[in-house]
Number of protein chains: 2
Amino acid sequence: MSSDPDTLDRMLAERLRARGRRVTSQRVVLQRALHELGRHASAEEVRRAAEDRLPGLSLPTVYATLELFEELGLVRRVAAGAGPVLYDPRTDGHAHFRCRACGAVTDLDARPDATAARRAARRAGHDPEAVEVLVGGLCAACRV
Amino acid sequence: MSSDPDTLDRMLAERLRARGRRVTSQRVVLQRALHELGRHASAEEVRRAAEDRLPGLSLPTVYATLELFEELGLVRRVAAGAGPVLYDPRTDGHAHFRCRACGAVTDLDARPDATAARRAARRAGHDPEAVEVLVGGLCAACRV
DNA sequence: GTCGCTGCAAAGTATTTGCATAGCC
DNA sequence: GGCTATGCAAATACTTTGCAGCGAC
């Protein structure tokens with residue numbers, strides 16, 4: 001997974017065109033902003049990160065764009081269970097940890113084995129695409 | 001895990017007293033309502049299920065009660081990523097499937113292997129308590 | 001030039017908070 | 001009787017929708 005801006009831009013343009021979608025400055029800047037943050041962020045955080053380059057960027061556009069990125073396989077949606085939905089520029093299958101005290105969400109360096117869950121989904125007639133693993137508990141800072 | 005109402009009531013009363021919390025009719029009825037539904041439900045659904053037995057039951061009370069149940073280990077919180085948070089009376093570690101088209105959330109008969117994720121959490125200094133596995137994709141009905 | 005994308009405003013849904021009253025222990 | 005839980009109302013947070021003008025192709 002390259003984080004070189006040019007490579008990212010090119011991949012974005014390519015995937016957009018493959019679907020007949022347009023390459024707009026908002027989409028380019030938002031992808032860069034999310035990757036520069038380098039971590040899962042809420043729509044509002046992404047908007048702030050892109051604020052200087054795109055003054056007046058509206059939140060509905062950010063939501064629409066992030067949803068599009070997810071369709072394109074460029075980001076992963078992380079449902080933390082409280083607070084805003086997070087969008088993660090890392091698309092490899094890693095788990096997340098959420099502190100029930102402070103609400104902070106961090107990455108875990110674990111590649112969860114999703115085969116069992118995928119198989120169960122297929123057995124039930126579904127078509128599994130993504131698997132999200134969320135560990136809840138007390139984070140290092142909140143453990144007292 | 002017994003679903004006998006009396007057993008459930010007794011377990012609830014026991015755990016409440018162990019924490020010095022009170023046994024109220026709302027708490028008893030809400031636990032029964034959730035178990036009678038027999039599936040993950042939103043706060044609003046639980047309120048409707050208890051409506052006839054507790055007219056005038058307020059939604060804030062339902063939220064507070066379900067949060068308390070989670071602390072007591074009687075329900076699991078399921079963050080579906082869109083729509084309301086769901087509360088699941090099944091406390092064994094099973095995975096969930098969420099359809100990205102219709103939004104329906106169903107149980108999967110898979111006991112995900114959470115050891116890797118738990119270990120990674122501990123390695124990061126956190127104290128892992130619960131692990132939630134959510135599979136996303138198209139459900140049987142939406143696959144066309 | 002066409003048609004999709006954006007910005008704006010507004011609505012809609014989900015959840016939390018503050019405070020007075022009621023009721024368990 | 002003390003102190004917690006509840007109900008009510010309001011506020012807040014998050015996200016989606018509808019529409020008019022702009023801009024990529």
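Chain letters run A, B, ... following the sequence lines, proteins first, then strands; residues in each count from 1.
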Legend entry - Contact list for residues 104-118 of chain B, test salt bridge (charged side-chain N to carboxylate O under 4.0 Å, His left out), sequence neighbours left out: B:Arg90-B:Asp107
Inset, instruction - Would you give the length of the straight line joining atom CG of B:Leu12 to atom CG of B:Leu30, rounded to the nearest 0.5 angstrom? - result: 10.0 Å
Inset, instruction - First locate atom CG of A:Leu34, then atom CD of A:Glu45, and finally report the distance between them rounded to the nearest 0.5 Å. - result: 10.0 Å
Inset, instruction - Look at all strands and tell whether A:Gly20 reaches a base, only sugar-phosphate, or nothing, counting heavy atoms closer than 4.0 Å. - result: nothing
Looking only at heavy atoms, which two atoms of [X] and [Y] are closest? And how far apart?
| X | Y | answer |
| --- | --- | --- |
| B:His40 | B:Pro89 | N-CD, 4.0 Å |
| B:Thr65 | B:Arg27 | CG2-CG, 3.9 Å |
| A:Leu138 | A:Ala101 | CD2-CB, 3.8 Å |
| B:Ser58 | B:Arg47 | C-CD, 4.5 Å |
| B:Val29 | B:Ala50 | CG1-CB, 3.9 Å |

Legend entry - Any B:Ser58 side-chain nitrogen or oxygen under 4.0 Å from OP1 or OP2 of D:dG7: yes
Inset, instruction - May I ask you to check whether B:Arg77 and B:Tyr87 show a side-chain donor-acceptor distance below 3.5 Å? - result: yes
Legend entry - Student check: side-chain heavy atoms of A:Leu72 and A:Arg21 closer than 4.5 Å: no
Inset, instruction - Enumerate the residue pairs fulfilling ring pair (Phe, Tyr, Trp, His ring centres under 6.0 Å) with a member in residues 111-144 of chain B, sequence neighbours excluded, ordered by first and then second residue. - result: A:Phe97-B:His126
Inset, instruction - Tell me, with the steps shown, if A:Asp88 and A:Arg39 meet salt bridge (Lys or Arg N to Asp or Glu O under 4.0 Å). - result: CA-CA 6 Å; A:Asp88 197 331; A:Arg39 52 174 184 78; over 6 Å; no
Legend entry - Summary of protein contacts for nucleotides 9-18 of chain D, nucleotide by nucleotide, where a base hit scores B, a sugar-phosphate-only hit scores S (4.0 Å, heavy atoms): B----SSBB-
Legend entry - Under 4.0 Å protein heavy-atom contact, by nucleotide of nucleotides 20-25 of chain D - B base, S sugar-phosphate only: ---BBS
Inset, instruction - Describe, as an angle rounded to 10 degrees, how the axis at the first end of the helix from C:dG1-D:dC25 to C:dC25-D:dG1 is tilted relative to the axis at the last end, five pairs per end. - result: 40°
Inset, instruction - Given salt bridge (Lys or Arg N to Asp or Glu O under 4.0 Å), test B:Glu36 with B:Arg53 step by step and report yes or no. - result: CA-CA 13 Å; B:Glu36 281 161 18; B:Arg53 277 162 289 183; 3.1 Å; yes
Legend entry - DNA chain C: 5'-most and 3'-most nucleotides touching chain B, 4.0 angstrom heavy-atom criterion: C:dA14 to C:dC25
